[in-house]
**Q** 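After the structure tokens below, expect a handful of questions from me.
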Amino acid sequence: MSELLKVRDLRVRYPVAGGIAAMLDRNRPSYVDVVHGVSLDIARGETLAVVGESGSGKTTLAMALCGLAPVLAGDVRFDGAAMSKARDQHLRPDRRRIALMFQDPVGSLSPRMTVRRLLSEPFRIYSELSQDPDRSVLELLSMVGLSSDFADRYPHQLSGGQARRVCLARALAQKPDLLIADEPTAGLDVSIQGEVLNLLSDLQQELGLGIMIITHNLNIVRHVAEQMAIMYLGRFVEQGLSELVFQHPRHPYTAALLAANPSTNFDVVPERIELTGEIPGLLQRPAGCEFHNRCPRVQPKCRASFPDRQSSNGKQGWNCFHPLP
Ligand SMILES: Nc1ncnc2c1ncn2[C@@H]1O[C@H](COP(=O)(O)OP(=O)(O)OP(=O)(O)O)[C@@H](O)[C@H]1O
Ligand SMILES: [Mg+2]
């Protein structure tokens with residue numbers, strides 16, 4: 001499979017808003033590292049699922065790749081060429097070739113535009129994409145399984161599943177090579193989730209798209225993604241072939257996430273880890289391995305330094321001093 005996106009050590013840092021509290025507390029850092037050294041590869045026709053708790057930095061990673069969040073450091077190559085950075089440190093992707101389905105589908109659709117207008121907008125920006133925008137809109141609707149009647153509807157007249165389909169059609173209008181779908185099934189009934197995912201994989205086959213799918217939901221990962229990455233406080237703590245990660249998670253955090261998921265069948269029974277409380281705030285990033293304060297396998301070393309990446313055959317990698325055996 002040919003390489004489409006190659007990311008090495010990507011970092012996103014945001015300044016923290018000041019205010020009186022910050023002035024009084026000298027120990028408070030003036031920035032947060034939301035994405036903290038992420039590396040990933042996506043080939044054409046391949047899907048990578050990024051999984052992690054709320055606040056782990058998934059959306060920020062997606063935004064950075066689309067040039068919508070500032071990049072502190074890292075190399076990003078798309079289709080063989082290095083992505084340059086603008087002066088303000090935002091990446092400059094070829095916006096047409098990377099499409100983003102935003103996390104909030106209805107919110108990302110302008111309420112006063114009809115579906116027809118929403119779907120033909122990309123053709124106004126990239127006029128070379130369609131000779132006949134009206135016809136292209138109908139083609140897009142049919143690609144995502146909606147009848148032509150939907151062209152005259154407004155976003156508030158769509159169900160959650162229909163809104164997802166319109167967002168997908170809008171993303172496809174720009175004929176992307178890479179689609180980043182941020183929680184494309186959140187808030188949908190299970191049967192509708194299945195429909196949206198099937199649609200995504202059908203279109204992927206047809207168009208040879210690379211896909212990065214962001215999700216909380218491990219059940220969908222197995223169905224759609226051959227590769228997966230587990231994100232914790234801005235880092236990928238484990239990543240690799242989904243099949244291997246599901247069968248034999250090595251990072252205790254991955255094991256905990258999988259164990260919390262009722263329909264996961266382990267080949268190796270992991271120790272039961274209760275993930276209690278929220279992930280620590282980015283403002284108090286723990287020293288060493290960030291998971292140490294929730295980890296049942298913690299050792300003194302884990303509090304002192306962050307473990308290097310270990311891997312098996314390059315098909316599964318993890319950052320842990322005491323991985324599951
Ligand atoms: N512009 C910003 N300035 C400062 N902090 C930010 C900014 N954008 C995001 N963050 C912080 O980065 C962290 C990660 O946010 P992000 O939205 O990427 O998480 P997420 O993994 O997508 O979460 P969810 O699963 O809830 O969508 C959060 O703590 C958030 O407050
Ligand atoms: Mg998010």
Side-chain angles (χ1 to χ4, degrees), residues 7 9-19 21-22 25 28-40 48-74 76 85-86 88-91 98-109 160 163-164 167-168 171 179-188 193 196 211-221 224-225 228-239 251 253-254 256-258 260-261 275 277-286 290-291 293-294:
V7 177
D9 237 356
L10 187 74
R11 300 183 59 173
V12 175
R13 170 176 287 181
Y14 280 120
V16 177
D25 181 359
R28 210 179 113 130
S30 55
Y31 59 82
V32 285
D33 288 318
V34 180
V35 176
H36 203 48
V38 161
S39 299
L40 60 89
L48 167 73
V50 177
V51 182
E53 287 168 282
S54 194
S56 54
K58 305 178 299 294
T59 295
T60 307
L61 169 63
M63 302 281 251
L65 294 174
C66 295
L68 302 172
V71 164
L72 178 71
V76 181
K85 277 187 214 154
D88 60 2
Q89 294 299 306
H90 286 67
L91 288 172
I98 303 184
L100 176 63
M101 279 175 75
F102 284 92
Q103 183 161 4
D104 168 18
V106 179
S108 73
L109 300 172
R164 271 346 185 283
C167 288
L168 179 57
L179 175 69
I180 302 182
D182 194 352
E183 302 275 5
T185 60
L188 301 179
Q193 289 185 12
V196 170
I211 297 182
M212 177 167 135
I213 186 167
I214 294 174
T215 180
H216 278 92
N217 186 342
L218 283 159
N219 292 323
I220 74 173
V221 173
V224 298
M228 69 189 287
I230 311 289
M231 197 165 189
Y232 190 78
L233 276 184
R235 303 199 205 241
F236 283 177
V237 294
E238 181 153 15
Q239 71 196 103
H251 197 289
Y253 178 62
T254 312
L257 281 184
L258 295 180
N261 187 38
L275 282 174
E278 297 200 3
I279 59 178
L282 292 168
L283 278 171
Q284 306 98 37
R285 179 176 284 280
E290 285 94 347
F291 188 57
N293 54 353
R294 295 166 89 189

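Numbering of residues begins at 1 and proceeds along the displayed sequence. Just follow the structure's listing: the first ligand is 1, and inside any ligand the first atom is 1. FYI, side chains are in, hydrogens and waters are out, and symmetry mates aren't considered; it's all heavy atoms of this structure.
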**Q** Any idea how Phe291 and Tyr232 line up, ring-wise: parallel (<30°), tilted (30 to 60°), or perpendicular (>60°)?
**A**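 Aromatic pair Phe291/Tyr232 classed perpendicular.
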**Q** Ligand 1: which residues have a non-hydrogen atom closer than 4.0 Å?
**A**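 Lining ligand 1 at under 4.0 Å, by heavy atoms, one finds Tyr14, Val34, Glu53, Ser54, Gly55, Ser56, Gly57, Lys58, Thr59, Thr60, Gln103, His216, Leu282.
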**Q** Indicate if the distance from the Mg ion (ligand 2) to the nearest N, O or S atom of Gln103 falls below 2.8 Å.
**A**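 Yes, since at least one N, O or S atom of Gln103 sits under 2.8 Å from the Mg ion (ligand 2).
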**Q** Carefully, step by step, assess Leu61 and Leu40 under the rule side-chain contact (heavy atoms from CB on, under 4.5 Å).
**A** CA-CA 11 Å; Leu61 169 63; Leu40 60 89; 4.3 Å; yes
**Q** Could you go through the side-chain contact (heavy atoms from CB on, under 4.5 Å) check for Thr215 and Glu183 one step at a time?
**A** CA-CA 5 Å; Thr215 180; Glu183 302 275 5; 4.2 Å; yes
**Q** With rounding to the nearest 0.5 Å, note down the distance linking CG in Leu65 to CG in Leu100.
**A**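 The CG atom of Leu65 sits 9.5 Å away from the CG atom of Leu100.
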**Q** Any N/O/S atom from Thr59 (main chain or side chain) under 2.8 Å of the Mg ion (ligand 2)?
**A**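 Yes - counting backbone and side chain alike, Thr59 has an N, O or S atom under 2.8 Å.
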**Q** Would Leu168 and Leu179 count as a side-chain contact (heavy atoms from CB on, under 4.5 Å) if you check the C-alpha gap in whole Å, the side-chain angles of each, and the deciding distance to 0.1 Å?
**A** CA-CA 9 Å; Leu168 179 57; Leu179 175 69; 3.8 Å; yes
**Q** Calculate, to the nearest 0.5 Å, the distance between atoms CG and OH belonging to Leu282 and Tyr14 respectively.
**A**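 It comes to 11.5 Å.
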**Q** Mind checking the CE-CG spacing from Met101 to Asp182? Nearest 0.5 Å is all I need.
**A**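 These two atoms lie 9.5 Å from each other.
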